[in-house]
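Keep in mind it's a predicted model, so treat the numbers as computed, not measured.
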Amino acid sequence: MPQEARRLRADARRNVEALIDAARAVFDTSGVDAPAKEITDRAGVGVGTLYRHFPQRSDLVKAVVRTGIDALADAGPELGSAHPPAEALSRWIDRYVDLLGAKRGLASALHSGDPAFESLPGYFMERLGPVLAELLDAASADGAIRGDIGAQELLEAIALLCRPLPGRAPEQGRRMVAVLVDGLRRK
């Protein structure tokens, strides 16, 4: 949830959360340029509420992306405490691939040159880099994976493997990531 939303009254915070959840779902099915009414109807709020919290469409897109990044960052420690290191890493990478797949619908907006999105790559690396580094360190210390790959290069490699290409099904990216992760394992 965006930092600003954490300081809101409980009802306003629920509205922001509902708008972000609705926008994520609507963006997946109807695209980033879907009518505001479609988002507000799904969220159960009025259009005025949408524009009060997200005056520009880019504000809402940014909130959707940041919320996904935050959820993935928060999942790292949870997975690390609930599973052996190699499994925690694998499960986190699966979620990262899911995030990249969801971002696919937002890609044109994010790469539009709109200055509103300039901070997202830094935020992405700032939030996800340390989480992945901890998971990699734990799996390496456990002897499950090789220790010669850094978090940033693995994040970038996975993103490249998941990049949508004409004529290629999204599942192929997931398959290629599985090959990459398999190559990290100590045999």
Side-chain angles (χ1 to χ4, degrees), residues 1-6 20-21 23-24 27-28 32 58-59 61-165 168-187:
M1 179 182 348
Q3 185 85 19
E4 308 78 45
R6 292 187 184 127
I20 291 171
D21 290 343
R24 181 180 306 108
F27 291 167
D28 284 349
V32 177
S58 59
D59 297 326
V61 170
K62 216 165 49 171
V64 167
V65 172
R66 280 178 167 256
T67 302
I69 292 169
D70 290 342
L72 182 58
D74 294 343
E78 294 167 10
L79 291 169
S81 65
H83 303 284
E87 184 179 346
L89 175 63
S90 180
R91 287 174 180 252
W92 191 89
I93 288 173
D94 284 344
R95 290 183 186 196
Y96 176 49
V97 171
D98 291 341
L99 176 69
L100 293 172
K103 185 178 142 293
R104 221 174 258 146
L106 303 171
S108 60
L110 296 175
H111 299 294
S112 66
D114 186 330
F117 303 125
E118 287 177 0
S119 66
L120 285 176
Y123 185 76
F124 179 89
M125 200 54 73
E126 172 187 310
R127 291 286 285 140
L128 299 183
V131 173
L132 180 55
E134 279 190 33
L135 292 168
L136 285 169
D137 289 346
S140 177
D142 195 44
I145 65 164
R146 22 186 307 175
D148 62 346
I149 188 160
Q152 182 170 349
E153 58 189 341
L154 185 55
L155 286 170
E156 292 169 351
I158 292 170
L160 287 171
L161 289 171
C162 292
R163 193 167 146 200
L165 296 173
R168 188 175 93 176
E171 298 80 37
Q172 186 176 0
R174 186 174 293 281
R175 193 170 90 66
M176 297 312 302
V177 169
V179 170
L180 172 67
V181 170
D182 189 48
L184 291 174
R185 289 190 175 85
R186 291 194 190 253
K187 304 290 179 189

Practice task
Step by step, work out the side chain to side chain contact (heavy atoms under 4.5 Å, CB included) result for Tyr123 and Asp70.
Solution key: CA-CA 10 Å; Tyr123 185 76; Asp70 290 342; 2.3 Å; yes
Practice task
Would you sort out whether Leu72 and Trp92 count as a side chain to side chain contact (heavy atoms under 4.5 Å, CB included), showing the intermediate values?
Solution key: CA-CA 8 Å; Leu72 182 58; Trp92 191 89; 3.5 Å; yes
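Tyr96 OH to Leu155 CG: the interatomic distance, rounded to the nearest 0.5 Å, is 4.5 Å. Note: Leu136 CG to Ile145 CD1 = 4.5 Å, rounded to the nearest 0.5 Å. In this structure, CD1 in Ile20 is found 10.0 Å from CZ in Phe27, a value given to the nearest 0.5 Å.
Minimum interatomic distance between Arg95 and Ala75 (heavy atoms only, all atoms of both residues): NH1-CB, 3.2 Å. Nearest heavy-atom pair, Met125 versus Pro130, reported as atom, atom and distance to 0.1 Å: O-CD, 3.6 Å. The nearest pair of heavy atoms linking Gly129 to Ala151 is O-CB, 3.4 Å. Closest approach of Leu128 and Ala73 over heavy atoms only: CD2-N, 3.7 Å. Heavy-atom minimum distance, Val131 versus Pro77: CG1-CD, 4.5 Å. Scanning both residues, Ala157 and Leu180, for their nearest heavy atoms gives CB-CD2, 4.1 Å.
With sequence neighbours left out, Ala88 forms a side chain to side chain contact (heavy atoms under 4.5 Å, CB included) with Leu79, His83, Leu135. Considering only residues two or more places apart in sequence or on other chains, Asp74 meets the salt bridge (charged side-chain N to carboxylate O under 4.0 Å, His left out) condition with Arg127. A search for salt bridge (charged side-chain N to carboxylate O under 4.0 Å, His left out) contacts involving Glu87 returns Arg91, not counting sequence neighbours. Under the side chain to side chain contact (heavy atoms under 4.5 Å, CB included) criterion, Leu120 pairs with Lys62, Val65, Arg66, Leu110, Phe117, sequence neighbours left out. Take Val177 and apply the side chain to side chain contact (heavy atoms under 4.5 Å, CB included) test, not counting sequence neighbours, and it matches Ile93, Val97, Ile158, Leu161, Cys162, Val181. Residues meeting the side chain to side chain contact (heavy atoms under 4.5 Å, CB included) test with Asp59, sequence neighbours left out: Phe54, Pro55, Gln56. Looking at residues two or more places apart in sequence or on another chain, you find a side-chain hydrogen bond (donor to acceptor under 3.5 Å, both in side chains) between Asp21 and Arg24. With sequence neighbours excluded, the residues satisfying salt bridge (charged side-chain N to carboxylate O under 4.0 Å, His left out) with Arg146 are Asp148. With sequence neighbours left out, Glu156 forms a side-chain hydrogen bond (donor to acceptor under 3.5 Å, both in side chains) with Gln152.
Annotation: salt bridge (Lys or Arg N to Asp or Glu O under 4.0 Å) contacts involving residues 134-144, sequence neighbours excluded, are absent. A side-chain hydrogen bond (donor to acceptor under 3.5 Å, both in side chains) check over residues 169-180, counting only residues at least two apart or in different chains, returns the pairs Asp98-Arg174.
Using a distance-only test at 3.5 Å, with no hydrogens or angles considered, no donor-acceptor pair links the side chain of Ser90 to the main chain of Ala86.
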